[in-house]
Amino acid sequence: MTQPATSQPVLYSGMQPSADSLHLGNYVGALTNWVKLQNEYDAIFCVVNQHAITSGIDPEQLRTRTLSTAAQYIAAGIDPEKSILYVQSDVPEHAQLAWILGCMTGFGEASRMTQFKDKSQRYGSDKTTVGLFTYPVLMAADILLYQTQQVPVGVDQKQHIELTRNLAERFNSRFGETFTIPEGFIPKANAKVYDLQDPTAKMSKSAPSEAGLLSILDDAKVTTKKVMRAVTDADGEIRYDPEAKPGVSNLLTIFAVLSGRELDDVANEYAGRGYGDLKKGLAEVVDATFTPIRTRTAELLDDRGELTRLLRSGADRARERAAPTLDLVHERIGFPTRADL
Ligand code: ATP
Ligand code: LTN
């Protein structure tokens with residue numbers, strides 16, 4: 001098997017550049033985790049633009065969102081010198097390995113992916129692309145190319161990680177030890193953020209209304225307004241009880257996670273006070289978290305040359321790691337390797 005560059009275990013993750021701004025759910029459920037983990041792992045983070053085109057292509061929007069997503073990763077604390085940060089389409093080995101893995105994936109096996117079933121039902125058969133169907137195979141290629149051990153993802157990606165493991169095991173047993181078998185690294189339930197207007201639904205960029213979505217790049221005035229208008233309940237009591245009081249509990253969770261405090265500590269501070277007080281306090285915490293990230297993102301986007309250079313250098317480092325794995329795969333399955341060319 002090809003060896004990783006450091007003795008730390010390899011960690012790999014990615015997000016699609018499918019919105020102008022990341023939202024609080026992405027920040028709490030993924031990005032803050034990545035920032036912490038990058039010190040303990042040999043971490044690789046990808047802006048998965050090839051996955052993003054499975055649901056349609058708008059070239060200008062895609063270009064802007066790809067750079068903006070990368071800038072937000074860096075602004076939130078991903079260190080592009082320590083970790084590898086790159087754009088998926090800059091590393092052609094992903095698509096090359098995906099083709100091979102696709103030829104080892106059963107049609108029935110891929111048809112069982114619930115994300116595909118959900119999305120294809122929503123899009124209808126004319127808008128459902130073959131790319132959407134093979135999306136999980138490309139994700140498997142992303143992960144396996146780097147001999148990844150840990151993959152931090154949301155619970156919705158669990159089935160894709162299972163498929164990745166199955167494909168790696170299948171390849172290894174048919175053609176000899178080639179891939180490390182990765183593991184999913186699923187955050188605890190309390191890292192989940194709910195929609196401010198419908199606190200029983202997860203905060204998502206595809207929510208029917210923007211009113212419940214806190215976006216990192218929104219102006220502070222906008223986020224404050226959204227927090228102040230968050231849905232609560234009629235009994236007026238501030239306590240953590242996600243079943244009976246989903247709205248208030250969501251506000252308390254967000255407050256605790258963003259301020260780095262214990263939930264009980266925040267709940268005690270606001271016990272006996274009005275919802276308006278809690279919301280005001282939370283709006284300040286959101287502002288204190290997002291404003292520096294927003295400012296740094298704008299600075300990074302102002303110097304596109306430098307940002308592009310950083311991403312190119314990330315892609316060079318990624319290719320150095322991906323190419324030997326692909327070479328080994330080629331050798332194992334009887335394709336010419338670089339040494340033959
Ligand atoms: P969609 O609109 O398709 O549901 P999304 O906004 O939920 O997308 P994804 O691109 O699916 O975002 O997710 C990127 C990462 O952010 C994943 O690791 C996911 O688990 C995390 N994430 C997204 N929404 C939340 C949330 N509400 N709470 C916690 N983590 C979240
Ligand atoms: N499917 C993932 C994004 C993704 C990913 C990956 C995550 C694509 N390739 C590799 C981890 C590892 C999502 O939608 N969150």
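Note that the structure is predicted; figures quoted are calculated from it, not measured. All ligand and atom numbering here is 1-based and tracks the order in the structure.
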**Study point:** Contact check: H160 vs ligand 2, nitrogen or oxygen atoms, below 3.5 angstrom
**Key:** no
**Study point:** Enumerated ligand 1 atoms positioned under 4.0 Å from heavy atoms of A30
**Key:** 15 (C), 16 (O), 18 (O)
**Study point:** Distance (rounded to the nearest 0.5 Å) between R319 CZ and E93 CD
**Key:** 4.0 Å
Review point. For K192 and M203, what are the C-alpha separation, side-chain angles and deciding distance, and is it a side chain to side chain contact (heavy atoms under 4.5 Å, CB included)?
Key: CA-CA 8 Å; K192 191 158 170 187; M203 188 177 283; over 6 Å; no
Practice item. Under 4.0 Å from a heavy atom of S206: give me the atoms of ligand 1 that qualify, with their elements. Key: 1 (P), 2 (O), 3 (O), 4 (O)
Check your understanding: Starting from atom 31 (C) of ligand 1, which protein heavy atom do you reach first, and at what distance in Å?
Key -> G25 O, 3.2 Å
Practice item. Indicate yes or no for a side-chain donor-acceptor contact from R65 to the backbone of Q16 under 3.5 Å, with no hydrogens or angles considered. Key: no
Review point. Who's the nearest protein heavy-atom neighbour of atom 23 (C) of ligand 1, and how far?
Key: N26 ND2, 3.4 Å
Revision key, fill the gap. Ranked by distance from atom 6 (O) of ligand 1, the top protein heavy atom is H23 NE2, 2.6 Å
Review point. Which heavy-atom pair separates L138 from H94 by the least distance, and what is that distance?
Key: CD1-O, 3.9 Å
Check your understanding: Looking only at heavy atoms, is any part of D156 under 4.0 Å from ligand 2, and if so is it the side chain, the backbone, or both, or is it neither?
Key -> neither
**Study point:** Close approach, Q16 and ligand 1, non-hydrogen under 4.0 angstrom
**Key:** no
Point to revise | Under 4.0 Å to a heavy atom of M203 - the qualifying atoms of ligand 1, by number | key: 24 (N), 25 (C), 26 (C), 27 (N)
Review point. Looking at ligand 1, does V28 have a heavy atom less than 4.0 Å from it?
Key: no
Exercise for review: Starting from atom 28 (N) of ligand 1, find the nearest protein heavy-atom neighbour and note its residue, name and distance.
Suggested key: V193 N, 3.0 Å
Review point. For atom 9 (P) of ligand 1, what's the nearest protein heavy atom and its distance?
Key: K205 NZ, 3.8 Å
Practice item. Would you tell me whether D142 and Q88 have side-chain atoms, one donor and one acceptor, within less than 3.5 Å of each other? Key: yes
Exercise for review: Please indicate whether any nitrogen or oxygen in Y12 is less than 3.5 Å from any nitrogen or oxygen in ligand 2.
Suggested key: no
Check your understanding: Is there a donor-acceptor pair closer than 3.5 Å between any side-chain N or O of T128 and the backbone N or O of Y123?
Key -> no
Study note, to complete from the structure: the protein heavy atom lying closest to atom 4 (C) of ligand 2 turns out to be G14 O, 3.9 Å
Review point. To which protein heavy atom is atom 20 (O) of ligand 1 closest, and what is the distance rounded to 0.1 Å?
Key: G154 CA, 3.1 Å
Review point. Nearest heavy-atom pair of K82 and N39: which atoms, and what distance?
Key: CE-CA, 3.9 Å
Point to revise | M15 contact mode with ligand 2 (heavy-atom cut-off under 4.0 Å) | key: neither
Point to revise | Geometric N/O contact S13 with ligand 2, under 3.5 angstrom | key: no
